[in-house]
**Student:** 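First the structure, then my questions, so here it is.
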Amino acid sequence: MTEQWPPAQIALTPGKRVLFLTKDLELIRRQLYEGLDLRMVDLGADDLLDDINTDVMTPAWVCFDHEPAIIAENAYAGLVHEGRRVFEPRALLDGGFEAIVSGHRKGTGSSRETAAQCERWSGIRIVIAASFAPIHERNNINLGQLMGDYGMLERLQSGESISLNEFTSEYDPVTRLIIENGGILPFAKSLREGDISLPELKTEPRPMTMVEKMITNKLLGQNGAARYVKPGDAVLSQVDGGYSHEFTTAQVHEFLKQEYGNDYSLPNPSKYAVFEDHLLYATGVPRFGRFTEKIQALRDMQRVFQQHTGVRDYSAEDGVSPGICHQVAREEFIDVGDFIQATDSHTCMGGATNALAYGVGSTEYANLLYNQFAFVQVPESIRFELTGNLDPGCTAKDVILHILWKYAAESETLDRSMEFGGPGLASLSMDERATLCNMATECSAKTGICEPDNLTVDWLMNRRSGLSEAEVRSAFVLPDEGAEYHGGVHTIDLAQIRPMVAHPGKPDEGIPSDPTNGAYIDEIGEVRIDIAYAGSCTAGKDDDFAYYAQVTEAALEAGLTIPEGVDCYIQFGSKTVKSLSEKNGWSEMFERAGVTLIDPGCGACIGAGPGISDVAEQITISAINRNYQGRSGPGKLYLASPLTVMVSAFVGKITAWHPDIFAQG
């Protein structure tokens with residue numbers, strides 16, 4: 001291919017290769033190490049790996065490096081077969097590949113742009129898949145990667161040259177411009193210098209969903225005029241705020257220096273923040289001991305960035321973080337109707353407050369900081385109409401695991417805004433709504449948004465000084481009657497939800513560990529556990545701690561403590577949550593029961609703190625959001641609700657909660 005990227009005509013370079021990520025992992029090894037070359041005409045989608053997550057592409061330890069060229073040396077380090085890496089160091093980099101092929105929902109999981117970078121800096125410029133997770137697709141676009149389908153690859157492998165227009169024709173006009181310019185930063189430069197102009201938005205008046213109305217409210221150049229958008233429209237929007245953390249800030253800073261010079265400055269730094277929350281406990285994890293210097297470098301670079309730019313500082317004090325970024329953000333500054341972007345996929349947790357919030361990659365966030373606009377492609381929507389009330393043994397975690405199993409696994413939520421409403425929503429607290437929105441990213445959705453109500457008003461007014469009820473209500477965003485839901489409107493009777501887990505799958509047999517692997521607890525048989533972990537942004541909130549306390553109190557009354565052979569950890573989501581636990585006497589009660597308490601932070605959820613498994617034979621029951629192979633240690637991990645995790649810790653096996661569980665012996 002030519003030096004200038006992308007060229008007007010796309011063809012495979014003589015001597016370069018195509019790598020197929022097959023379910024038969026030995027076939028991948030043969031391509032990498034024996035020179036085997038496969039052809040698309042001989043394969044189908046069923047032969048290719050689905051749900052390749054970003055933890056597989058760049059595990060946490062790979063992200064301790066912030067330079068893409070170094071990250072590429074360990075591309076796909078998380079793909080493990082029979083206990084050893086499929087991709088040895090530099091395997092992708094030295095393989096001579098320029099195209100890579102996989103199945104459905106490529107790039108699920110976190111927003112880490114390193115996953116796309118590991119391919120780009122290994123020489124991959126063409127990415128083929130049946131479908132892509134939305135943030136990963138966006139990261140590819142922002143890096144100037146071309147994405148195509150199986151038919152296009154067949155033509156390329158037959159020697160045909162394909163026009164760039166075919167790779168971009170299904171995108172909106174602005175996305176086409178981004179790709180044609182080689183990525184988001186070159187696009188922003190061309191836009192700033194007047195070399196390109198944006199198409200005019202011409203959508204006629206129409207009923208809109210919540211996400212459509214929120215985007216409309218933030219359009220640049222609106223000047224008070226009524227505007228309308230529809231799915232597929234490409235617009236530039238203003239953003240109310242954003243944040244990064246020490247896992248991502250170093251890249252943001254470096255990209256800004258590379259693009260705008262060492263002396264760059266930000267126009268509006270007070271809108272943005274940095275958090276120290278992801279790696280506080282990483283150096284205490286034995287397998288990360290050799291990365292101590294790299295971890296410290298990431299922390300130091302975030303401090304340099306904060307001092308250089310003047311963004312708000314949520315650094316740890318005396319080794320204790322203010323909390324997980326998403327939890328603190330909703331506690332302190334995400335308000336009704338806000339538009340928030342941050343460098344973490346669980347940013348969508350902010351949707352519980354009737355806000356538009358989602359994760360972006362480092363390059364896109366760097367553009368947002370400097371150029372003060374977000375590129376938005378209006379997503380389709382899917383609505384979940386909640387009715388009834390949950391069984392006492394269930395929480396919102398069971399609801400979202402049900403949605404993952406029954407809807408996300410069928411790609412019905414893919415790249416859509418998940419809208420939650422209906423009379424049953426009123427029975428869920430704000431923290432429970434945050435659980436639903438938090439795991440929209442596990443559904444490969446664009447975001448999750450809850451309808452606002454009286455609970456929204458009360459929750460915000462208890463946390464915002466000087467805020468009036470009228471101000472909150474005036475910002476409410478509700479869907480219009482007659483709004484179109486391309487993913488359909490689905491009624492979920494909360495009374496029919498049963499206690500669930502997401503099981504760890506069978507990765508060695510091509511069944512990935514994934515949150516969509518749903519199962520009812522009463523149908524999985526006896527599963528003994530070694531570790532119970534309660535925490536993370538999904539399950540470290542006030543109400544989650546109330547659940548942990550409810551179970552622990554019942555266990556102590558029955559004369560039970562955490563049994564020998566089970567390690568139980570509870571980690572606070574923020575300092576505010578920790579204070580509540582101490583005030584209510586919960587912390588003392590947990591410790592009396594044999595629970596290990598951990599200060600606020602991400603920790604075990606990303607494999608960087610107490611609560612991870614040490615050997616493959618260990619089984620963990622966890623309230624976190626992802627059970628990807630290797631993410632929280634080498635063992636097997638089951639996802640479950642706060643209630644299920646806590647009762648399982650006392651019983652020693654996966655068990656659903658009900659009020660008389662301990663009385664039954």
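The first residue in the sequence is number 1, and the count goes up from there.
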**Student:** Under 3.5 Å, is there a donor-acceptor pair between the side chain of Asp55 and the main chain of Tyr628?
**Tutor:** no
**Student:** Would you mind reporting whether Pro6 and Phe167 have side-chain heavy atoms less than 4.5 Å apart?
**Tutor:** no
**Student:** Can you say whether the rings of His245 and His278 are parallel (under 30°), tilted (30 to 60°) or perpendicular (over 60°)?
**Tutor:** parallel
**Student:** Between Arg125 and Glu98 (salt bridge meaning N to carboxylate O under 4.0 Å), is one present in this structure?
**Tutor:** no
**Student:** Is a side-chain donor-acceptor pair under 3.5 Å present for Glu113 with Thr363?
**Tutor:** yes
**Student:** Decide yes or no for Ser345 and Ser110: does some side-chain heavy atom of the first lie under 4.5 Å from some side-chain heavy atom of the second?
**Tutor:** yes
**Student:** Mind checking whether Leu153 and Phe20 have side chains closer than 4.5 Å, heavy atoms only?
**Tutor:** yes
**Student:** Which value, rounded to the nearest 0.5 Å, describes the distance between Tyr358 atom OH and Ser417 atom OG?
**Tutor:** 10.5 Å
**Student:** Between Lys213 and Asp480, does any side-chain N to carboxylate O distance fall below 4.0 Å?
**Tutor:** yes
**Student:** Taking Gln372 for the side chain and Leu369 for the main chain, is one N or O donor matched with an acceptor at less than 3.5 Å?
**Tutor:** yes
**Student:** For the pair Thr538 and Thr435, evaluate side-chain hydrogen bond (donor to acceptor under 3.5 Å, both in side chains) and give the outcome as yes or no after the intermediate values.
**Tutor:** CA-CA 5 Å; Thr538 311; Thr435 298; over 6 Å; no
**Student:** Mind checking whether Asn367 and Phe375 have side chains closer than 4.5 Å, heavy atoms only?
**Tutor:** no
**Student:** Is the backbone N or O of Gly109 less than 3.5 Å from a side-chain atom of Arg626, with the two atoms forming a donor-acceptor pair by type?
**Tutor:** yes
**Student:** With side chain to side chain contact (heavy atoms under 4.5 Å, CB included) as the criterion, how do Asn74 and Cys118 come out once you've worked through the C-alpha distance, each side chain's angles and the decisive distance to 0.1 Å?
**Tutor:** CA-CA 8 Å; Asn74 282 296; Cys118 81; over 6 Å; no
**Student:** Taking the side chain as every heavy atom from C-beta outward, state whether Ile141 and Ile184 have any atom pair closer than 4.5 Å.
**Tutor:** no
**Student:** Name each donor-acceptor pair under 3.5 Å that joins a side chain in residues 444-451 to protein atoms two or more places apart or in another chain, with its distance.
**Tutor:**
from, atom 1, to, atom 2, distance (Å)
Thr447, OG1, Ala357, O, 2.6
Glu451, OE2, Arg383, NH1, 3.0
Glu451, OE2, Arg383, NH2, 2.8

**Student:** Answer yes when Arg17 and Asp37 have at least one side-chain N-carboxylate O distance shorter than 4.0 Å, and no when they do not.
**Tutor:** yes
**Student:** Got a sec, which residues hit salt bridge (Lys or Arg N to Asp or Glu O under 4.0 Å) with Glu119, two or more places apart in sequence or on another chain?
**Tutor:** Lys106
**Student:** What distance separates Leu236 CG from Ile215 CD1, expressed to the nearest 0.5 Å?
**Tutor:** 12.0 Å
**Student:** Do the side-chain N and O atoms of Asn181 and Ser190 include a donor-acceptor pair separated by under 3.5 angstrom?
**Tutor:** yes
**Student:** Between side-chain atoms of residues 192-205 and protein atoms elsewhere (two or more places apart, or another chain), which donor-acceptor pairs fall under 3.5 Å?
**Tutor:**
from, atom 1, to, atom 2, distance (Å)
Arg192, NH1, Asn371, OD1, 3.1
Thr203, OG1, Lys230, NZ, 3.3
Thr203, OG1, Asp233, OD2, 2.5

**Student:** Have Glu67 and Gln251 got a donor and an acceptor in their side chains that come within less than 3.5 Å?
**Tutor:** no
**Student:** For the pair Thr353 (side chain) and Ala355 (backbone), establish whether a donor and an acceptor sit closer than 3.5 Å, ignoring hydrogens and angles.
**Tutor:** no
**Student:** Using side-chain hydrogen bond (donor to acceptor under 3.5 Å, both in side chains), reason through Gln9 and Ser161 one step at a time and then give a plain yes or no.
**Tutor:** CA-CA 6 Å; Gln9 291 291 127; Ser161 172; 2.9 Å; yes
**Student:** Should the ring pair Tyr365 and Tyr272 be called parallel, tilted or perpendicular, given that the plane angle runs from 0 to 90° and is split at 30 and 60?
**Tutor:** perpendicular
**Student:** Testing the 3.5 Å rule here: is there a donor-acceptor pair between the side chains of Thr249 and Ser244?
**Tutor:** yes
**Student:** Determine yes or no for a side-chain-to-main-chain donor-acceptor pair under 3.5 angstrom, with Asp415 supplying the side chain and Pro134 the backbone.
**Tutor:** no
**Student:** Can you check side chain to side chain contact (heavy atoms under 4.5 Å, CB included) on Ile100 and Ile126, steps first, answer last?
**Tutor:** CA-CA 7 Å; Ile100 195 165; Ile126 301 172; over 6 Å; no
**Student:** Taking side chain as C-beta onward, heavy atoms only, is Val360 less than 4.5 Å from Leu368?
**Tutor:** no
**Student:** Is there a side chain to side chain contact (heavy atoms under 4.5 Å, CB included) between Ile124 and Val127? Walk through the geometry before answering.
**Tutor:** CA-CA 7 Å; Ile124 302 294; Val127 187; 4.1 Å; yes
**Student:** Please tell me if the side chains of Glu419 and Val211 come closer than 4.5 Å, counting only heavy atoms from C-beta onward.
**Tutor:** no
**Student:** Is it the case that the side chain of Asp338 and the backbone of Ile340 share a donor-acceptor pair, with hydrogens and angles ignored and the cut-off at 3.5 Å?
**Tutor:** no
**Student:** Whether the side chain of Arg631 engages the backbone of Cys605 through a donor-acceptor N/O pair (distance < 3.5 Å, no angle test) should be reported.
**Tutor:** yes
**Student:** Would you check if there is a donor-acceptor pair between the side chains of Asp344 and Thr347 at a distance under 3.5 Å?
**Tutor:** no
**Student:** Can a salt bridge be assigned to the pair Glu170 and Arg176 using a cut-off of 4.0 Å between side-chain N and carboxylate O?
**Tutor:** no
**Student:** What's the spacing between Leu27 CG and Leu21 CG if we round to 0.5 Å?
**Tutor:** 11.5 Å
**Student:** Near Lys23 NZ, under 6.0 Å, is it more than 12 heavy atoms from other residues, nucleotides or ligands?
**Tutor:** yes
**Student:** Do Tyr264 and His253 have side-chain N/O donor and acceptor atoms under 3.5 Å apart?
**Tutor:** yes
**Student:** Report, as yes or no, whether the 6.0 Å neighbourhood of atom NZ on Lys257 holds more than 12 heavy atoms from other residues, nucleotides or ligands.
**Tutor:** yes
**Student:** Side-chain contact, heavy-atom cut-off 4.5 Å: Cys443 with Ile403?
**Tutor:** yes
**Student:** Taking all non-hydrogen atoms of both residues into account, name the closest pair between Ala366 and Leu256 and its distance.
**Tutor:** O-CD2, 3.4 Å
**Student:** With no hydrogens and no angle check, is any side-chain donor or acceptor of Asn438 less than 3.5 Å from a backbone partner on Ala434?
**Tutor:** no
**Student:** OG1/Thr168 to CG/Leu177 distance, rounded to the nearest 0.5 angstrom?
**Tutor:** 9.5 Å
**Student:** Does the pair Arg206/Glu212 count as a salt bridge with the N-to-O cut at 4.0 Å?
**Tutor:** yes
**Student:** Strictly by modelled atom types, are Arg105 and Ser411 linked by a side-chain donor-acceptor pair under 3.5 Å?
**Tutor:** yes
**Student:** Do Thr516 and Asp514 have side-chain atoms, one donor and one acceptor, less than 3.5 Å apart?
**Tutor:** yes
**Student:** Side chains of Thr491 and Glu385: donor-acceptor distance under 3.5 Å anywhere?
**Tutor:** no
**Student:** Is it the case that the side chain of Asp47 and the backbone of Thr22 share a donor-acceptor pair, with hydrogens and angles ignored and the cut-off at 3.5 Å?
**Tutor:** no
**Student:** About how many Å separate CE of Met57 and CD1 of Ile52, when rounded to the nearest 0.5 Å?
**Tutor:** 7.0 Å
**Student:** Would you call the rings of Tyr407 and Phe384 parallel, tilted or perpendicular if under 30° counts as parallel and over 60° as perpendicular?
**Tutor:** perpendicular
**Student:** With side chain to side chain contact (heavy atoms under 4.5 Å, CB included) as the criterion, how do Val101 and Tyr150 come out once you've worked through the C-alpha distance, each side chain's angles and the decisive distance to 0.1 Å?
**Tutor:** CA-CA 8 Å; Val101 194; Tyr150 301 142; 3.9 Å; yes
**Student:** Using modelled atom types only, decide if a donor and an acceptor are shared between the side chain of Trp405 and the backbone of Asn517 within a distance under 3.5 Å.
**Tutor:** no
**Student:** Are side-chain N/O atoms of Glu412 and His486 paired as donor and acceptor at under 3.5 Å?
**Tutor:** no
**Student:** Nearest 0.5 Å, please: how far is CG in Asn354 from CZ in Phe420?
**Tutor:** 13.0 Å
**Student:** Does the gap between the ring centers of Phe275 and His326 come in under 6.0 Å?
**Tutor:** no
